Amino acid sequence: MDVKHASCYFCTSKGCAMKVHVENDQVQRVVVDTDAPVGPGTFCVRPTLAKEYQEHPFRLSFPMKRRGPRGADQWEQISWDQALNEISAKLAAIREEYGPEAVATSSGTGRGAAEFAKTRFMNLFGSPNRFGVISICYAPRAMVWFATFGGHLVPDVRPGTTKLNVQWGRNAHEGGRSSWNSFLKAKAAGMRTMVVDPRCSEPARQADCWVQLRPGSDLLLAMTMMQVIVEEDLYDKAFIESHTVGFEQLRSRLLQFTPEAVSERIGLSPTRLREVARFFAANQPSTTVIGVATEHSAPNGIQAVRAINLLRAICGTVDVPGGDLISSPCPGFLPDVVLEANELLTAEQRAKQLGSDRFRFLGYPGWELIEKNMRRKWGERHSAAVNLHSCAHAPTVFRAMLTGKPYPIKAALVSCSNPLLSYANTHLVHDALMATDLLVTFDITWTPTAQ
């Protein structure tokens, strides 16, 4: 029996090492690889279920072509050649009649490693209309990191140096083995812990400081903490002087965010808000994990993430040992962006990206500003990957499918995602997908969207 080394991709922690036992080209069993040099430290049950997932009767293994009305769930199995030829012919016809921008594609949250390939296809085809749940899950954090620091922030947890582990809007006990393991290790190493969550989650129950804010008030909380830290002279003056711009403008902006002015909206007393701010400032350097709950704090998700990052910066815990490090290129390693062929999508086509005239930060206008400065720093091979950071506005795409405005969307290529269950206003999404001339799903199981 051969043993193959692999990685689990069943959650967004990604990369948990597995040993796959194979005999006669068939998976016999899967176990976690506790000897791998990189891992979360603890494992969930998902890696060991890979064999059952691979062989489940609900699994799709062949191209299926619809027979009968769309939504009737009537299918026939066809060959790969027939499927690819028919899809290609329809895409070519749509491009000829309506232009390449009439084809849109939906993505999930980065399972697997194929997003760069689909992005490359869309760039070569000529359409800027990629969208996905990434725009409400991770992309806001990533774009803020790039815009503020020029790279991702990576926690550098060091026992004896790191003084505080913060889980902001993230219940790692239920949603992330690596983050939960880091939290437990931090406690065992004597670090302080802080959890920002309206609910008394398991991390909140175990934390040294539980901040029970009102849902959606993340921005107010971060601004108020900064106001107290600046007012009480608790910020890192040397760091601010050496590594930041705009501090005086920030100081002026903070004047309206006193604990007394906003405590009712946050749901915490002025006294408690001051305690939280002082606790954070007193325990530096720190590492902070920001969860999707913060990104979902409409209508200020982007600004909430920005404020949390500014809070870290004024306390001097950015790119220092034991704090949050700014990621940089890995010599000899080519990232996804090199393979995306982004230079082949013209400025004229980028300008057609649906919704980017209104939601500029998460579309091409924001990406291009970040791209320009990252290339200046790191070079052309180490810029921001489009597949994660530049999305069309999904509701605008769905409405274009129905109305043809500002131009028609005639085809949707749905990969590793399920728009019917991923977006608000399900009736709109359903009617939009039903209106397309071509709907293709690439998935390994039947989903409502596939059906």
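Computed from a prediction, not measured in an experiment: that's the story for all the values here.
Judged by distance alone, the side chains of Ser415 and Lys118 do bring a donor and an acceptor atom under 3.5 Å apart. For the residue pair Arg70 and Thr436, a side-chain donor N or O sits within less than 3.5 Å of a side-chain acceptor on the partner. In the model, Trp210 has no side-chain atom that pairs as donor or acceptor with a side-chain atom of Asp197 under 3.5 Å.
From Met1, atom CE reaches atom CG of Asn24 across 9.0 Å, with rounding to the nearest 0.5 Å. Atom CZ in Arg205 sits 14.5 Å away from atom CZ in Arg199 (nearest 0.5 Å). Leu439 CG to Lys90 NZ: the interatomic distance, rounded to the nearest 0.5 Å, is 10.5 Å. Rounding to the nearest 0.5 Å places SG of Cys8 at 12.5 Å from CG of Asp33.
In this structure, Thr162 contributes its side chain and Arg158 its backbone to a donor-acceptor pair below 3.5 Å. Here the side chain of Thr396 pairs no donor or acceptor atom with the backbone of Gly355 at under 3.5 angstrom. When atom types are taken as modelled, the side chain of Trp168 and the backbone of Val195 share no donor-acceptor pair closer than 3.5 angstrom. The main-chain N or O of Leu420 is found under 3.5 Å from a side-chain atom of Thr449 such that the two form a donor-acceptor pair. Using modelled atom types, no side-chain atom of Ser417 and backbone atom of Pro419 make a donor-acceptor pair closer than 3.5 Å. Within the 3.5 Å criterion, the main-chain N or O of Leu213 finds no donor-acceptor partner in the side chain of Ser217. Judged by distance alone, the side chain of Arg141 and the main-chain N or O of Val305 form no donor-acceptor pair under 3.5 Å. Remark: the backbone N or O of Gly322 is paired with a side-chain donor or acceptor of Asp156 at under 3.5 angstrom. Under a 3.5 Å cut-off, the side chain of Gln353 and the backbone N or O of Tyr364 do form a donor-acceptor pair. A donor-acceptor pair under 3.5 Å links the side-chain atoms of Tyr407 to the main chain of Lys352, judged by distance alone.
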Inset, instruction - Given side-chain contact (heavy atoms from CB on, under 4.5 Å), test Met226 with Leu250 step by step and report yes or no. - result: CA-CA 9 Å; Met226 282 192 284; Leu250 176 64; 4.1 Å; yes
Inset, instruction - Tell me, with the steps shown, if Glu115 and Ser107 meet side-chain hydrogen bond (donor to acceptor under 3.5 Å, both in side chains). - result: CA-CA 8 Å; Glu115 283 304 307; Ser107 301; 2.8 Å; yes
Legend entry - Candidate pair Leu153 and Leu325, rule side-chain contact (heavy atoms from CB on, under 4.5 Å), full reasoning: CA-CA 5 Å; Leu153 289 189; Leu325 304 181; over 6 Å; no
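The aromatic rings of Phe131 and Phe398 sit perpendicular, their planes meeting at an angle over 60°, well past the 30° parallel limit.
Of all non-hydrogen atoms in Thr294 and Ala304, the two that sit nearest each other are CG2-CB, 3.9 Å. Pairing each heavy atom of Cys209 with each of Val276, the nearest pair is SG-CG2, 4.2 Å. Across all their heavy atoms, Arg66 and Gly71 have their closest contact at CD-N, 4.5 Å. Smallest separation of non-hydrogen atoms from Met223 and Ala307: SD-CB, 4.1 Å. Of all heavy-atom pairs spanning Gln28 and Lys51, the tightest one is O-CD, 3.1 Å. Of all non-hydrogen atoms in Arg376 and Asn373, the two that sit nearest each other are NH2-OD1, 2.8 Å.
A salt bridge links Asp324 with Arg312; the closest basic N to acidic carboxylate O contact falls under 4.0 Å. Using a 4.0 Å cut-off between charged side-chain N and carboxylate O, Glu86 and Lys65 make a salt bridge. In summary, Arg120 and Glu340 do not engage in a salt bridge, as defined by a charged side-chain N under 4.0 Å from a carboxylate O. Salt bridge Lys372/Glu368: absent, no basic N to carboxylate O contact under 4.0 Å.
When side chains are defined from C-beta on, Leu164 counts as touching Met194, because their heavy atoms get closer than 4.5 Å. Using a 4.5 Å heavy-atom threshold, the side chains of Leu91 and Phe121 count as touching. By the 4.5 Å heavy-atom criterion applied to side chains, Leu438 and Lys410 are not counted as neighbours.
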